[in-house]
A.B. asks: 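The following block contains the structure, expressed as structure tokens.
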2 protein chains.
Amino acid sequence: MSATEATTELLTRPKRADARRNYEKVLAAAREAFAEGGEATSLEEIARRAGVGIGTLYRHFPSRQALLEALYVNEVDELSRSAHELDEADPWEALNGWFERLIAYLATKRALAAELTNYLDPDAPVFQSCRASLFAAGEPLLRRAQEAGMVRGDVDFSDVLHMVAGISKNTASDPKQIERILRVALDGLRYSAGS
Amino acid sequence: MSATEATTELLTRPKRADARRNYEKVLAAAREAFAEGGEATSLEEIARRAGVGIGTLYRHFPSRQALLEALYVNEVDELSRSAHELDEADPWEALNGWFERLIAYLATKRALAAELTNYLDPDAPVFQSCRASLFAAGEPLLRRAQEAGMVRGDVDFSDVLHMVAGISKNTASDPKQIERILRVALDGLRYSAGS
DNA sequence: GAACTATACGGAGGCTCCCTCCGTTTGTCA
DNA sequence: TGACAAACGGAGGGAGCCTCCGTATAGTTC
């Protein structure tokens, strides 16, 4: 790349207004359609709901995967921002409060994450950045509970996140059962060898 | 259905030898191809590997879902049968031994189960019968550990199965991490409120 | 072994969905 | 207003799921 090309790139014009509008329309339509139809949702359907042509959808998101990634990132960001509302005195309760939010989110987004795992390794940049968001949100809560001696010290946040996510995303039909099982697994955080 | 039709059905001739052979060929090819390619595996590819035409594949398995169900059932049955080899003195160790087998199985079959959940509710007959197989295999081990006072009494086998399966099927990249997290969750089975 | 028949086969073709290409439209700037 | 590049949308190609039907073959009877 020559200096002229680099300069041209840096001075690129902003997106046109109609393009910006259509981008948001597609993302909103994707959220809604995917929540209803899961993996069976077609991009034609999303384009139709957004009121744009299929070529327009592809102009904004060059593949199905790209669209799903954008949607996933968008939603994880929202979840992470919601963690800052937790301000409870008891470290164990604060950690559990956050997990409750995470669990509620995961219950509704199972199809989206599942499809993305078809395309991507767990170490893919999109998953890494989303994990970073979730870390920033929840890791201080775990550390606080560990420093208060309420949670075992031999787990890190990644472990706990994985454990909770795995249980939440499983296909049990009964939310009560999921709750019960999470209770057991989270009790494992409090277990120590002498007890 | 009239009585004549019911009688005719009961006296149906056995499958021809070539059909039986082809059925097994397709199932074997499906196992191999799906293990390699996951959800991206096409039925044309499976038919090609089996050395049959696509019409033959569909004659034996009327849809993609039907083929995946048959494969899933076949493999869960194999896992369940392997549980009878456990004969360890310590109830906790026997239970853990079985979970290790379950976990190893789940690690290799994630894509298959995930795709089936796109088609089926958790209460679908195929999942119910596979759960029954797994129950018959592992539930006595749990009960033994509970009767020996080594496992809390407020969980049933379904809970434990769901917990272990959920964690095993998650998309962490590191088997060591999965092992560590399962350790924590299974420690939760030993946690009691006074400890 | 031949004849018969029902079972089983395979592949062409239709449909849906992902994706590309390109003629047309439109937003933006001078 | 005119120029121009970005943005549009939809027709069409390819892949994969699935169906239909002419042909082949396994199995039975004589």
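Heavy atoms only: backbone and side chains are in, while hydrogens, waters and symmetry mates are out. Proteins come first, then strands; the chains are lettered A, B, ... in the order of their sequence lines, and each starts at number 1. Nothing here was measured: the structure is a model prediction, and the numbers come from that model.
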A.B. asks: Could you tell me whether A:K176 and A:E179 make a salt bridge, using a distance below 4.0 angstrom between a side-chain N and a carboxylate O?
C.D. replies: no
A.B. asks: Side-chain N or O of A:H60 versus OP1/OP2 of D:dC8: is the shortest distance under 4.0 Å?
C.D. replies: yes
A.B. asks: Report which part of the nucleic acid B:R59 touches: base, sugar-phosphate, or nothing (heavy-atom distance under 4.0 Å, all strands).
C.D. replies: base
A.B. asks: From the set C:dC19, C:dT7, D:dA26, return the single nucleotide nearest to any side-chain atom of B:D18.
C.D. replies: D:dA26
A.B. asks: Expressed in angstrom and rounded to an integer, what is the separation of A:L57 atom CG from C:dT20 atom C1'?
C.D. replies: 13 Å
A.B. asks: Without decimals, in angstroms, what is the distance between B:Y23 OH and C:dC9 C1'?
C.D. replies: 18 Å
A.B. asks: Are the side chain of B:R31 and the backbone of B:L71 linked by a donor-acceptor contact shorter than 3.5 Å?
C.D. replies: no
A.B. asks: For B:N22 and B:A19, indicate whether the former's side chain and the latter's backbone hold a donor-acceptor pair under 3.5 Å.
C.D. replies: no
A.B. asks: I would like to know whether A:Q177 and B:S158 meet side chain to side chain donor-acceptor pair (under 3.5 Å); could you show each step before the answer?
C.D. replies: CA-CA 9 Å; A:Q177 185 181 29; B:S158 167; 2.6 Å; yes
A.B. asks: Expressed as a whole number of angstroms, how long is the span from B:R64:CZ to C:dT16:C1'?
C.D. replies: 15 Å
A.B. asks: Counting only side-chain heavy atoms from C-beta out, which of C:dC9, C:dT28, D:dC8 sits nearest to A:A17?
C.D. replies: C:dT28
A.B. asks: Tell me if a side-chain donor or acceptor on A:R152 pairs with a main-chain N or O of A:G188 at a distance below 3.5 Å.
C.D. replies: yes
A.B. asks: Side chain of A:Q146, backbone of A:V151: donor and acceptor closer than 3.5 Å?
C.D. replies: no
A.B. asks: From CZ of B:R21 over to C1' of C:dT7, roughly how many Å is that when rounded to an integer?
C.D. replies: 14 Å
A.B. asks: Could you state the atom-to-atom distance from CG of A:L67 to P of C:dC19 in whole Å?
C.D. replies: 10 Å
A.B. asks: Which residues in residues 31-47 of chain A have a heavy atom closer than 4.0 Å to any atom of DNA chain D?
C.D. replies: none
A.B. asks: Looking at B:S168 and B:V164, would you say the former's side chain and the latter's main chain have a donor-acceptor pair under 3.5 Å?
C.D. replies: yes
A.B. asks: Checking only heavy atoms, does the side chain of B:R16 share a donor-acceptor pair with the base of C:dA8 at less than 3.5 Å?
C.D. replies: no
A.B. asks: Figure out the CZ/P separation between A:F61 and D:dC8, and round it to whole Å.
C.D. replies: 11 Å
A.B. asks: Is the closest basic N to carboxylate O distance between B:R180 and A:D154 below 4.0 Å?
C.D. replies: no
A.B. asks: May I have the distance from A:Y58 (atom OH) to D:dG12 (atom P), rounded to whole angstrom?
C.D. replies: 18 Å
A.B. asks: Please find out if less than 6.0 Å separates the ring center of A:W98 from that of A:Y105.
C.D. replies: no
A.B. asks: Find which nucleotide of DNA chain D each of B:S63 and B:R20 is nearest to by heavy atoms, and output the residue with the more 5' nucleotide.
C.D. replies: B:S63
A.B. asks: Between B:G55 and B:A19, just flag the one whose closest nucleotide in DNA chain C comes earlier from the 5' side.
C.D. replies: B:A19
A.B. asks: Minimum heavy-atom separation for B:A94 and B:R144, please, with both atom names.
C.D. replies: CB-NH1, 4.1 Å
A.B. asks: Based on the rotation axes of five pairs at each end, what angle does the helix from C:dG1-D:dC30 to C:dA30-D:dT1 bend through, to 10°?
C.D. replies: 10°
A.B. asks: Does a side-chain N or O of A:T56 approach OP1 or OP2 of D:dG9 to a distance below 4.0 Å, or not?
C.D. replies: yes
A.B. asks: Can you check the B:N22 CG to D:dA26 C1' distance for me, whole Å?
C.D. replies: 12 Å
A.B. asks: Would you mind telling me which of D:dC8, D:dA11, D:dC18 lies closest to the side-chain atoms of A:I54?
C.D. replies: D:dA11
